[in-house]
Structures are given as structure tokens and as C-alpha cells.
Number of protein chains: 2
Amino acid sequence: MRAVPSSPDTLLEGHRPGRVPRAVRSEQLLGVADRLFAERSFHGASMDELARRAGVSKPVIYDHFGSKEQLFATCVRRTGEALAEQVRTAVRKESEPRARLRAGSIAYFRFLAEQMQAWAVLFDAQEGGDARFAAEAARIRHRQSELMIDLMAESAGTEAGHEGRAMLEAMTLAIAGAYESLSLWWREHPEVPPEQLADWILDLLWPGLEGLMTQLAASR
Amino acid sequence: MRAVPSSPDTLLEGHRPGRVPRAVRSEQLLGVADRLFAERSFHGASMDELARRAGVSKPVIYDHFGSKEQLFATCVRRTGEALAEQVRTAVRKESEPRARLRAGSIAYFRFLAEQMQAWAVLFDAQEGGDARFAAEAARIRHRQSELMIDLMAESAGTEAGHEGRAMLEAMTLAIAGAYESLSLWWREHPEVPPEQLADWILDLLWPGLEGLMTQLAASR
DNA sequence: CACGGTAACCTACCATAAGTAGCCTACTGA
DNA sequence: TCAGTAGGCTACTTATGGTAGGTTACCGTG
């Protein structure tokens, strides 16, 4: 075999076929992996296919990412960060707590709608099955909700002490879980607009959230 | 080889070693599988080890359950049903909506506390990784929350129509997701008592929930 | 302008674990 | 007594994550 390294999946400018600088290769591999995981989900994606699609041999991938799980974790983390960034930006455009939460929620669902692909990577992970990225998934969820709460608190000036700390963390995660599940439901009902989803979940969460915040502010 | 089938994991009365009626073997296998999945999580558990522990050969397991995933799904479903039963019973002991939700929540967390093992089976699934039991997990989550809402509605006499239907379903799932995430958090903070968890999440969800219910009742 | 060192890659292989084909054997009822 | 069958077993195949060890293009230096 070993014919001309026939144009791989993604054409990188410059470095014709083979031989590409490490950073570039990494990026390319992550891109291909993102797509692959998105369409086949973690378990269904094989490293052999990934290698084939990337026009590269398996050891190259292992040299870059160590293991399938690490590669997956990296993909998830990147997507999670992009999502967080979107939300953060949207939230910062508003000043009133409820408006901020609403804006953040809409941004969140919009991101999912645009990046169904990335979305799949993010959530099939937890659904998907192995308990292996629990850590990664949890971290994302954690950061996501912490972000929203923090951003809300920005305007409320709350900073809970002792006991309230645990509660805040727990509630934060619970909320993130609610968003996650709702996102899953949305997959089967894509006709519902993001704003609608946001309004629903705000109606559900906001009253209690407001109560918790004033309660925290009082006991500080 | 083929020595005396040396006492397997679980001694079944009657049928000494080998040869056991189908139903009994099924039950025994499910028991061993429950424990195995609980300690090793789906991916980490191998069918070879399961067979070894059960004192049986692999094809027997496949004859009973078809595949590792089906076996796992069965375990999850059973546990989910047990959980639902606990919750249902607890909820029925109260009559006021809020009290019912609280009782259900406490029962939910108590179940998890007592059955950490079963719990692991239920939730590592989603975390765990493969997107393969998504269906099963979703179904459980769905039923779980539907149950709680239905039981609450029992006393409120609400039965939404058209549009509200979708919202109710979505919110129902969101709530289940919140409980799930909270349960995950609880694993790292077992010192918090179930009642405390219940109160926290009630403070978070109840106000909005009440609002949604009256809103539905009005638009009916 | 050789030329040694290293970064980027590859071929071939191993190990594990899911799942299967085909045979054997203890019990049951006629 | 003796089929017929439910309950089991051994021994394989296949798929796939992961690795050992060698090969070639590139680049800075004497």
C-alpha cells in the first residue's frame, strides 16, 4: 500500500500531505473527533475510523491524546467552554437578575440549537454510558451553573457563608441538571423555540431562586 | 477441569450445584449483576467475571438476557421500579400537595441512601458513558417525575390540555434532572440528611411549581 | 553542504472482552 | 426404558483499544 497520502478529510494549507506541525495536527484531530463523536457517540466511534478519517495512523492519535477517553474529555471540555462563553456574554448584557437568567437561558438553548453536533458530544456523554467521564461531565455542569449563579449574584451582591455555601452548591448543580434534562427533552421537540423553553424554566425556577437569594442575603 | 461446581456466589436452596430452573437462575443472575455493576460500573464489569461470580458459563447469561446492554437495562429498570414504588407509597401518605412533594423527596433520598449500591447502577449509567441506555435512563427519569407530578395533581385535580401538555412534560423532566444531579452531589456530601436535601430542593422548586399548577388550572 | 538529532509517522502486533457455534447431560413424562 | 428438551459447557471468532519498534522528512550547526 502506502500510496500517495490521498487528500485527507480536512485539507491543511501549506504542509501538503503527511508531515504537519504538532499543534496543527492536534487541532485537526480534535475537529475530526468532534464530528465523529457527534454522529457515532462515544462508544460507537472507533479509533480506527477516526484515524482513517483524519488520514493518519492510530499511534499518531495516541501520541497526541493518550487514550480514547482523554481525547473525548478534551472534546467535551472544549465544547463546554464555548457554551459557557456564549452564556457569559449574553448574561452580561443584562443587569436585572431575572433578565440575566433569561438571557443566559436563551443563549444556552441557542447554542445547543446551532451546535446540535457539539451538543450531542456534551450530553450523550452522560447518557451515553460509561461512567468514565463522570468527572468531566460533572465539572462542566458545575461550572455552567456556577457561572449562571455567580453572574446573577454579581448584581445581587450575595456571598453566602458557612452552611449556605453547601446549599448554594447543591442548588447550583440541581439547576444545571434541570437544564440538561430539558435539553434532552428538546431533542425530541425541536419545534419549541428557545425563548419558550427559557420562559418555561424561568417560571419554574425563578420564584424559588429569588426566595433563596434573599434568604441567603439575610443570613449572611 | 470440570470439578464439582464448587459452591457459587449465592447458594440456591434445593437444586444443589448446577442445573437450576430458568426463573431461579434469572433471578440469581440479576442479583449478582446488580452487585457487579454497582461496584465496577457498566464499562468496568465484564461478562466473564459475572459468569465466574455466578458460577456459571457465559452463554448461560446470553441465553437469559441477550446482551450486556439488555442485562444492564434490566437491572436499571428493576431498581428504578423499586425506587418509584417507595416514592409512590410515601407520597400517598400525605394529602396536601407540598407535603406530598416533600414526603416523596425524602423517600427518594432515603432510598438512595439505603441502596447506594443500586443507586450507583442507576446513575453511573448516565454519567458512565455509553449513550446506549439513554432510552432506559430517560424512561426511568420520565416515569419518576411523571409519578411525582401526577401524584401531586391527584389532589389538585389538574389535567392540562394542548399546549400545557408539552410544558408539563418538559418541566417534569427538568425536575427529574434536578433530582438526579442533586443525588450526584450528595454522593460527595453524604453528611447532609435527606430531610435537608428535601427542604432545599422544595424551597427551590415549590414556589414555581405552585405557580405553574394554578396557571395550568386557569387555562384549562 | 554534509550530517546528526529529533519530530512526525507508519506497519505490525498484542490483549481484552463481547458474543456465538455446536456439543453434552441431567431431568421429565409417556 | 427411552426419547425429547431444558439447562450448561468448551472453545472459538471478532472487534477494538492500545503499543513496540522502526522509518523518513526536516532543521539547525560545524
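Per chain, numbering begins at 1; letters A, B, ... match sequence-line order.
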Colleague: Let me know the distance between CZ of B:Phe72 and P of C:dG19, rounded to the nearest Å.
Modeller: 14 Å
Colleague: Can you tell me the distance, in whole Å, between the CG atom of A:Leu50 and the P atom of D:dT16?
Modeller: 13 Å
Colleague: Is B:Arg78 salt-bridged to B:Glu81, going by a charged N under 4.0 Å from an acidic O?
Modeller: no
Colleague: Over how many whole Å does the gap from B:Leu29 atom CG to D:dG7 atom P extend?
Modeller: 12 Å
Colleague: Are any of A:Arg25's side-chain N or O atoms less than 4.0 Å away from OP1 or OP2 of C:dA7?
Modeller: no
Colleague: Tell me the interatomic distance from B:Leu71, atom CG, to C:dA17, atom P, rounded to whole angstroms.
Modeller: 16 Å
Colleague: D:dT19, D:dC9, C:dA18: which one has an atom nearest the side-chain heavy atoms of A:Tyr62?
Modeller: D:dT19
Colleague: Check the distance between D:dC9's C1' and B:Ile61's CD1 and give it to me in whole angstrom.
Modeller: 13 Å
Colleague: Considering every strand and a 4.0 Å limit on heavy-atom distances, what is the contact class for A:Ala45: base, sugar-phosphate, or nothing?
Modeller: sugar-phosphate
Colleague: What nucleotide among C:dT20, C:dC9, D:dG18 has an atom nearest to a side-chain atom of A:Val60?
Modeller: C:dC9
Colleague: A:Gln70 CD to D:dG18 P: how many Å, rounded?
Modeller: 9 Å
Colleague: B:Ala23 or B:Pro59: which one's nearest nucleotide on DNA chain D is closer to the 5' end?
Modeller: B:Ala23
Colleague: CG of B:Asp63 versus P of C:dA21: gap in Å, rounded?
Modeller: 13 Å
Colleague: Of the nucleotides C:dT11, D:dG7, C:dA18, which has the atom closest to the B:Asp48 side chain?
Modeller: C:dA18
Colleague: Return the value, rounded to whole Å, for the distance between atom NZ of B:Lys58 and atom P of D:dA11.
Modeller: 13 Å
Colleague: Checking contacts here: which listed nucleotide (D:dG17, D:dC26, C:dA18) is nearest the side-chain heavy atoms of A:Arg19?
Modeller: D:dC26
Colleague: Report which part of the nucleic acid A:Ser46 touches: base, sugar-phosphate, or nothing (heavy-atom distance under 4.0 Å, all strands).
Modeller: sugar-phosphate
Colleague: Answer yes or no on whether A:Lys68 is positioned over the face of A:Phe42, meaning its NZ or CZ is under 6.0 Å from the six-membered ring centre and within 45° of the axis.
Modeller: yes
Colleague: Does the distance from a Lys or Arg side-chain N to an Asp or Glu carboxylate O, for A:Glu49 and A:Arg53, drop under 4.0 Å?
Modeller: yes
Colleague: The side chain of B:Lys68 is closest to which nucleotide in this list: C:dC9, D:dT10, C:dA18?
Modeller: C:dA18
Colleague: Is it true that B:Arg110 and B:Glu195 make a salt bridge, defined as a side-chain N closer than 4.0 Å to a carboxylate O?
Modeller: yes
Colleague: Any salt bridge linking B:Asp63 with B:Arg25? Criterion: basic side-chain nitrogen under 4.0 Å from a carboxylate oxygen.
Modeller: no
